[in-house]
Amino acid sequence: MSAKIISGKEIARAIRDELNEQVAGLAKEGLVPGLATVLVGEDPASRLYVGMKNKAAAEAGIHSRQITLLDSTSEAELLALVDELNADPQIHGILVQLPLPKGIDEAKVLLAIDPEKDVDGFHPINVGRLATGDPDVLAPCTPRGVIEMLLRSGADPSGKHVVVVGRSNIVGKPMAFLLLRRAPGGNATVTVAHSRTADLGATTRLADILVVAVGWAGLVTGEMIKPGAVVIDVGTNRVDDPTRERGYKVVGDVEFDSAKEVASAITPVPGGVGPMTIAMLLANTVEAAVRQRAKDADA
Ligand code: GUN
């Protein structure tokens, strides 16, 4: 068997086309959604991701403001910036790129973001709303992107056994909560496996749908996959590749060549989940803007 390729690039393009239309319609009503991204420090991968997020926002007609702060920025300075963005009526979404430099308390920063502007869905209020099944919560972009990919490629998780490998706050845990919701894209039976899972292969082989998000290149091989399963690879890992001019290539957490012989459908890396994360950030920003307008109208 050779698996069908689920192209995140194509699905993200379709979603971004839909958003372009929605944003153009909102502009006619006088509403321009605004996104602020905050990058602290020099991490090259974070810099690249934040740059891509801003470019995508601008392309969608979203007002985007990118703020880059020095590695030496204090927690107090960052908190003051978050306060300023919370109060800025042109900004409906705030994203502080993680990880933050040592010495800045990540939890404190996430707590300072207005939950209504929390387009990452990382504020404890939004985490709690997601965990309690609120259908209207701003959900974290990567797991939300995975759900969209499953639905739009005909792999509805409802009633399926989904195994999520990874328990991070950014992907694994919110992924599990989205899959459990009584809502479209939810209603799955969910197992969360992680680095202390005793026999990872025995667990992953139970999955009708396998979502892998651990940041470990090639961790999941074909023999760890049930024949016919749908495999979603969230990993993006740089591995040395002397045949390339830049000296590395980007691979997922799943060993693609062996996995595609066993799975019925699989996401590639790159071109899989990555573009979906960005599309969902734009979707969350537009949603946040529309909700804030409705709230202001009620006030
Ligand atoms: N770092 C890695 N992924 C993400 C993300 O989705 N949002 C933020 N803010 N930081 C990240």
Side-chain angles (χ1 to χ4, degrees), residues 1-19 45-46 48-53 55-56 59 120 139-157 160 162-166 168 170-172 174-176 178-179 185 188 193 204 207-222 224-226 228-239 241 244 246 248-284:
M1 187 169 11
S2 195
K4 177 181 105 174
I5 305 298
I6 304 175
S7 169
K9 210 169 154 184
E10 280 174 23
I11 299 172
R13 184 69 269 158
I15 293 171
R16 286 173 63 177
D17 287 346
E18 291 161 21
L19 286 169
S46 290
L48 180 72
Y49 293 144
V50 170
M52 284 161 64
K53 290 170 183 178
K55 186 163 168 275
E59 279 171 15
D120 260 325
C141 303
T142 300
R144 195 179 160 200
V146 171
I147 298 286
E148 279 293 325
M149 275 179 119
L150 290 170
L151 290 175
R152 291 183 185 233
S153 61
D156 189 335
K160 299 280 171 19
V162 184
V163 176
V164 178
V165 186
S168 71
I170 294 180
V171 187
M175 185 80 252
L178 281 170
L179 288 161
T204 56
D208 303 312
I209 297 172
L210 180 61
V211 181
V212 192
V214 279
W216 178 336
L219 172 70
V220 171
T221 57
M224 297 164 73
I225 297 167
K226 177 160 85 172
V230 173
V231 178
I232 307 290
D233 188 353
V234 184
T236 41
N237 309 289
R238 286 183 183 197
V239 296
D241 183 357
R244 301 206 183 192
R246 61 185 185 183
Y248 69 88
K249 64 178 173 178
V250 174
V251 300
D253 292 347
V254 177
E255 190 184 81
F256 186 81
D257 287 343
S258 62
K260 79 175 193 315
E261 297 307 320
V262 187
S264 63
I266 186 167
T267 60
V269 178
V273 175
M276 293 298 295
T277 297
I278 292 178
M280 290 303 115
L281 173 65
L282 305 181
N284 275 354

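Atoms considered below: every heavy atom in the structure, side chains included; atoms not considered: hydrogens, waters and symmetry mates.
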Residue of the set V220, I266, T204 for which side chain to side chain contact (heavy atoms under 4.5 Å, CB included) holds with V231: I266
Would you say T277 and L281 make side-chain contact, with heavy atoms under 4.5 Å? no
Please enumerate all residues that pass side chain to side chain contact (heavy atoms under 4.5 Å, CB included) together with P174, with sequence neighbours excluded. L130, P140, P143
Side chain to side chain contact (heavy atoms under 4.5 Å, CB included) filter on V269, not counting sequence neighbours, yields D233, T236, V250
Taking all non-hydrogen atoms of both residues into account, name the closest pair between P157 and G185 and its distance. CG-O, 3.3 Å
Could you tell me which residues satisfy side chain to side chain contact (heavy atoms under 4.5 Å, CB included) with I170, sequence neighbours excluded, listed by chain and number? L98, F122, S168
Which heavy atom of I278 sits nearest a heavy atom of A56, and at what distance? CG2-CB, 3.4 Å
Stepwise side chain to side chain contact (heavy atoms under 4.5 Å, CB included) check, L282 with K53: CA-CA 8 Å; L282 305 181; K53 290 170 183 178; over 6 Å; no
Spacing of R144 atom CZ and M175 atom CE [to the nearest 0.5 Å]: 12.0 Å
Counting only heavy atoms not in K160, do more than 12 fall under 6.0 Å of its NZ? yes
For a quick test of reading the model, state the closest non-hydrogen atom pair linking M149 to G8 and the distance between them. CE-CA, 3.4 Å
Rounded to the nearest 0.5 Å, the CG atom of L151 sits from the CG atom of D156 at a distance of 5.5 Å
Which atom names give the shortest non-hydrogen contact between A207 and A229, and what distance separates them? O-CB, 3.5 Å
Side chain to side chain contact (heavy atoms under 4.5 Å, CB included) filter on N237, not counting sequence neighbours, yields A217, V251, D253
Expected output: side-chain T267 to main-chain G272 donor-acceptor under 3.5 Å: no
What heavy-atom pair brings A139 and N284 nearest, and what distance separates the two atoms? O-ND2, 2.9 Å
Run the salt bridge (charged side-chain N to carboxylate O under 4.0 Å, His left out) test against D241 and tell me which residues pass, sequence neighbours left out. R244
Got a second to check how far R152's CZ is from E10's CD, nearest 0.5 Å? 12.5 Å
Is there side-chain contact between K226 and V262, with heavy atoms separated by less than 4.5 Å? no
How about T142 and M280: do any of their side-chain heavy atoms sit closer than 4.5 Å? no
At what distance, to the nearest 0.5 angstrom, does OG of S264 lie from CD1 of I6? 7.5 Å
Going from CD1 on I225 to CG on L210, what distance comes out if it is rounded to the nearest 0.5 angstrom? 6.0 Å
Contacts of E59 that satisfy salt bridge (charged side-chain N to carboxylate O under 4.0 Å, His left out) - sequence neighbours left out: R16, K55
Go through the steps for M276 and I15 under the test side chain to side chain contact (heavy atoms under 4.5 Å, CB included), then give the verdict. CA-CA 9 Å; M276 293 298 295; I15 293 171; 3.7 Å; yes
So do V171 and V146 actually touch side chain to side chain, heavy atoms under 4.5 Å? no
